[in-house]
Amino acid sequence: MIDIKFLRENPDVVKENIKKKFQEDKLHLVDEVIELDEKNRKAKLQGDTLRNERKTLSSKIGELMKSGKKEEAENIKSKVQEVNKKLESNEELEHKYSEEIKARMMRIPNIMDPSVPIGKDDTENVENEKFGEPIVPDYEIPYHADIIESFGGLDKESAGRTSGTAFYYLLGDIARLHEAVLAYARDFMIEKGFTYCIPPFMIRRDIVDGVMSFEEYESMAYKIEGEDLYLIGTSEHSMIGRFKGQFVKEEDLPITLTSYSPCFRKEGGSHGLEERGLYRVHQFEKQEMIVLCKYEDHMEWYNKMWNYTVEFFRSLDVPVRTLECCSGDLADLKVKSCDVEAWSPRQQKYFEVGSCSTLGDAQSRRLNIKAKGKEGNYLVATLNNTVVASPRGLIGILENNYQKDGSIKIPKVLQPYMGGKEVLIPNKK
RNA sequence: GGAGAGGUGGCCGAGUGGUCGAAGGCGUCAGUCUCGAAAAUUGAUAUACAUUGCAAAAUGUAUCAUGGGUUCGAAUCCCAUCCUCUCCGCCA
């Protein structure tokens, strides 16, 4: 959500930004908002005047009643009732206008950073930088689900019976490795100075409406029957929701948090072989980082944050690259965003393991998250980024540490979380 | 889940229908005093929106958990919701 004052003063900038996102069908919203805004301000002025009249008259009634002048008081009463009648219809107008403005403002995309590449959709996202050699070994890397099964680490069949498709049981060393990755990610971020947080895994509807777009809600949210509760799709939902309508202290900025949570997503439909297995599932676990900072610092944090994820995967011997989200693929609330992708030596291409975004002050405007500063209050900037999500991140680790003999070399940094084991030997063929 | 008590400004806390955006205190900031500090003392001290203004600012409106309602008028009365605390029950 952008600032309506900004829109009022720079309608052309807003329109240009919409065009860059290939959303021409939204251009009309800008002029509509300007028109409605004018009407709304007029109605507010009218309303304020009427309310002032009522207040003045009402207090007179009080005085008259005290001094016992009943008739005069009754006289004024009827006057106020007239004012109230006018006010009633005016308030309806005020309400209508502000609702209509809000509905449109919610659909107008945030102003992108000038560095965002122009492109229509995800096919035009731009590779920024590679980290680590994308090695293709001279032996075949099996499908990740098959690797996991060779360790007796997966039972999808039972999960199908108990919970349905896209659920799984992880077992033994694989389950342990999955948690080791998350535990390492937690400690990795704590080391970077972030505060570890375990948030609620369910949130109320009013928070859902604040932190998810309608499209996200439709494709993602599981609802708890008979309760006003929804399972979170990412800890960002409860982490950012935490600050809704709140003031943070200026001296606490930047607020740097790293949160763990399971994530629940509906996401129906088939996505082909490579997205079966454990790639696209209804339930996974994620270590996330979120930052609240001053607006002028947000780009600096954005760059720090995706670099943390790159560093994290490099410490696990997984080659990665960053893929910058082009204008057409960038979600409306975001200023800039990139995916961190891990190398798949099996597919010989990169696949998404994380996503880093800065929303500027758009999210905090929508949720009303402000800092109390010495020079007055201001909206903070919000950012979020994946440290690692597993099983997806685990796939990258398994494929890149797969040995010719079918064993998995455990990256050094994970060994302490695996009871000192250096290698996993398959127990099943 | 049951029963009770409560939710007021940065914090504590008064206020049960009429100049109440809200006493008093604490805190914070500025001044006086002091070589400086403490103490004392004086003053200031919410936010949002709108209007006027180059601006400083002025004026108006709204906000006493949230949303409705009653009333000429609501922090105050009524209803619903949320939250906190105490006791009981249940439970990792």
Side-chain angles (χ1 to χ4, degrees), chain A residues 1-9 33-105 198-211 223-230 238 241-253 255 262 295 361-362 364-380:
Chain A
M1 212 173 170
I2 60 169
D3 188 358
I4 191 159
K5 273 187 212 150
F6 180 85
L7 180 142
R8 218 183 271 158
E9 283 156 26
V33 166
I34 289 173
E35 202 190 315
L36 283 163
D37 177 49
E38 225 161 277
K39 284 189 193 166
N40 186 41
R41 279 185 295 163
K42 251 182 223 161
K44 184 176 164 19
L45 185 62
Q46 177 75 15
D48 282 355
T49 314
L50 287 169
R51 277 183 286 268
N52 179 240
E53 215 174 305
R54 176 174 71 184
K55 204 177 180 180
T56 319
L57 289 174
S58 287
S59 62
K60 246 183 225 165
I61 295 176
E63 279 169 42
L64 291 171
M65 291 296 237
K66 259 186 208 161
S67 52
K69 295 176 186 164
K70 260 210 148 168
E71 285 139 64
E72 267 181 73
E74 287 299 326
N75 229 334
I76 298 180
K77 256 194 208 182
S78 61
K79 256 193 211 166
V80 178
Q81 271 162 341
E82 262 173 59
V83 173
N84 269 341
K85 240 181 238 168
K86 276 192 224 164
L87 194 56
E88 203 179 323
S89 59
N90 197 79
E91 277 181 343
E92 248 170 65
L93 262 188
E94 284 177 68
H95 185 74
K96 194 185 112 196
Y97 288 143
S98 47
E99 286 295 304
E100 282 182 10
I101 290 170
K102 198 183 168 201
R104 284 165 179 76
M105 288 302 286
I198 299 174
F201 303 151
M202 298 181 211
I203 50 176
R204 291 220 179 97
R205 184 57 198 253
D206 65 313
I207 302 297
V208 168
D209 287 339
V211 297
K223 188 182 185 333
I224 305 296
E225 190 170 342
E227 305 275 344
D228 179 26
L229 286 171
Y230 297 78
S238 34
R242 176 172 176 226
F243 295 101
K244 185 186 170 184
Q246 301 296 306
F247 281 96
V248 300
K249 286 188 200 136
E250 186 170 47
E251 61 263 33
D252 290 343
L253 294 177
I255 297 174
Y295 184 83
D361 59 8
S364 57
R365 181 169 299 106
R366 185 166 161 184
L367 292 173
N368 194 22
I369 304 172
K370 287 186 177 170
K372 244 186 182 68
K374 283 212 160 69
E375 307 290 311
N377 302 333
Y378 53 91
L379 294 164
V380 300

Between B:rU45 and B:rG10, how far apart are the two C1' atoms, rounded to whole Å?
10 Å

Which part of the nucleic acid, if any, lies within contact of A:Ile76, taking any heavy atom under 4.0 Å across all strands shown: a base, the sugar-phosphate backbone alone, or nothing?
nothing

Mind calculating the distance between CD (A:Glu250) and C1' (B:rG10) to the nearest angstrom?
14 Å

When the C1' atoms of B:rU34 and B:rA40 are compared, how many Å lie between them, rounded to an integer?
12 Å

Do A:Glu94 and A:Asn90 have side-chain N/O donor and acceptor atoms under 3.5 Å apart?
yes

Classify the nucleic acid contact of A:Lys79 as base, sugar-phosphate or nothing, counting any heavy atom under 4.0 Å across all strands shown.
nothing

Proximity to the side chain of A:Lys44 - top-ranked nucleotide from B:rC72, B:rU47, B:rG60:
B:rG60

A:Ile2 and A:Met105, any side-chain heavy atoms less than 4.5 Å apart:
yes

Return the pairing partner of B:rA38 with a 3.5 Å limit on both distances, Watson-Crick or G-U wobble; otherwise return none.
none

Over how many whole Å does the gap from A:Lys244 atom NZ to B:rC83 atom P extend?
14 Å

C1' atom, B:rU8 versus B:rC64: distance in rounded Å?
4 Å

Whichever of A:Gly47 and A:Lys5 has the more 5' nearest nucleotide on RNA chain B, that residue is A:Lys5

Applying the 3.5 Å cut-off to both distances, the Watson-Crick or G-U partner of B:rC33 turns out to be none

When rounded to the nearest Å, what value does the distance between P atoms of B:rA62 and B:rA75 take?
9 Å

A:Lys85 with A:Glu82: basic N within carboxylate O range, under 4.0 Å:
no

Rounding to the closest angstrom, what is the interatomic distance between B:rG18 and B:rA74 at atom C1'?
10 Å

G-U wobble or Watson-Crick pairing nucleotide for B:rA55 (cut-off 3.5 Å, both distances):
none

Regarding the side chain of A:Lys372, the nearest nucleotide among B:rG10, B:rU47, B:rG73 is B:rG10

Given B:rA50, B:rC72, B:rU61, the nucleotide with the shortest approach to the side chain of A:Leu45:
B:rA50

With respect to the phosphate group of B:rU81, does any side-chain polar atom (N or O) of A:Arg205 fall under 4.0 Å of OP1 or OP2?
no

Under 3.5 Å for both donor-acceptor distances, Watson-Crick or wobble: does B:rA75 have a partner, and if so which one?
none

Out of B:rU61, B:rC72, B:rA48, which nucleotide sits closest to the side chain of A:Lys77?
B:rC72

Between P of B:rU61 and CG of A:Asn90, the distance in whole Å:
15 Å

For A:Arg365, report the nucleic acid contact type (base, sugar-phosphate, nothing); a contact means any heavy atom under 4.0 Å.
nothing

Both distances under 3.5 Å, Watson-Crick or G-U wobble: report the partner of B:rU61, or none.
B:rA48

Candidate nucleotides B:rG18, B:rG21, B:rU47, ranked by approach to the side chain of A:Lys55 - the nearest
B:rG21

Near A:Glu71 CD, under 6.0 Å, is it more than 12 heavy atoms from other residues, nucleotides or ligands?
no

How far does the C1' atom of B:rA50 sit from the matching atom of B:rU66, given to the nearest Å?
25 Å

Give A:Lys60 one of three labels, base, sugar-phosphate or nothing, depending on what nucleic acid heavy atoms sit under 4.0 Å from its own.
nothing

Check the distance between B:rU47's P and A:Lys370's NZ and give it to me in whole angstrom.
10 Å

Closer than 4.0 Å, any side-chain N/O of A:Arg54 to the OP1 or OP2 of B:rA74?
no

Using whole Å, what does the distance between atom P of nucleotide B:rU71 and atom CZ of A:Arg51 come to?
19 Å

Taking the minimum atom-to-atom distance to the side chain of A:Arg204, which one of B:rC72, B:rA48, B:rC82 wins?
B:rC82

Starting at atom CD of A:Glu38, determine the distance to atom C1' of B:rU51, rounded to an integer number of angstrom.
14 Å

Expressed as a whole number of Å, how far does the C1' atom of B:rG21 sit from that of B:rA14?
15 Å

What interatomic distance, in whole Å, is found between C1' of B:rU76 and the corresponding atom of B:rU63?
16 Å

Considering only heavy atoms from C-beta outward, does the side chain of A:Val248 approach that of A:Phe243 to under 4.5 Å?
yes

Please determine whether a side-chain nitrogen of the Lys or Arg among A:Arg104 and A:Glu35 lies less than 4.0 Å from a carboxylate oxygen of the Asp or Glu.
no

How do A:Glu63 and A:Ser78 order along RNA chain B: which one's closest nucleotide is nearer the 5' end?
A:Glu63

Hey, is the side chain of A:Asn52 poking within less than 4.0 Å of OP1 or OP2 on B:rG60, counting only N and O atoms?
no

Nearest listed nucleotide, side chain of A:Asp48, among B:rC72, B:rG60, B:rU51
B:rG60

Would you say A:Asn84 places a side-chain N or O within less than 4.0 Å of OP1 or OP2 belonging to B:rG73?
yes

What does B:rU86 pair with, Watson-Crick or G-U, if both distances are under 3.5 Å?
B:rA3

Who pairs with B:rA92 - Watson-Crick or G-U, where each distance is under 3.5 Å
none

Student check: side-chain heavy atoms of A:Tyr97 and A:Arg41 closer than 4.5 Å
no

A:Asp228 side chain vs A:Arg205 backbone, donor-acceptor pair below 3.5 Å:
yes

Find the partner of B:rG24: check Watson-Crick (N1-N3 plus N6-O4 or O6-N4) and G-U wobble (N1-O2, O6-N3) distances, both under 3.5 Å, and reply none if neither fits.
B:rC12

How long is the line joining CD of A:Glu227 and P of B:rC82, in whole Å?
10 Å

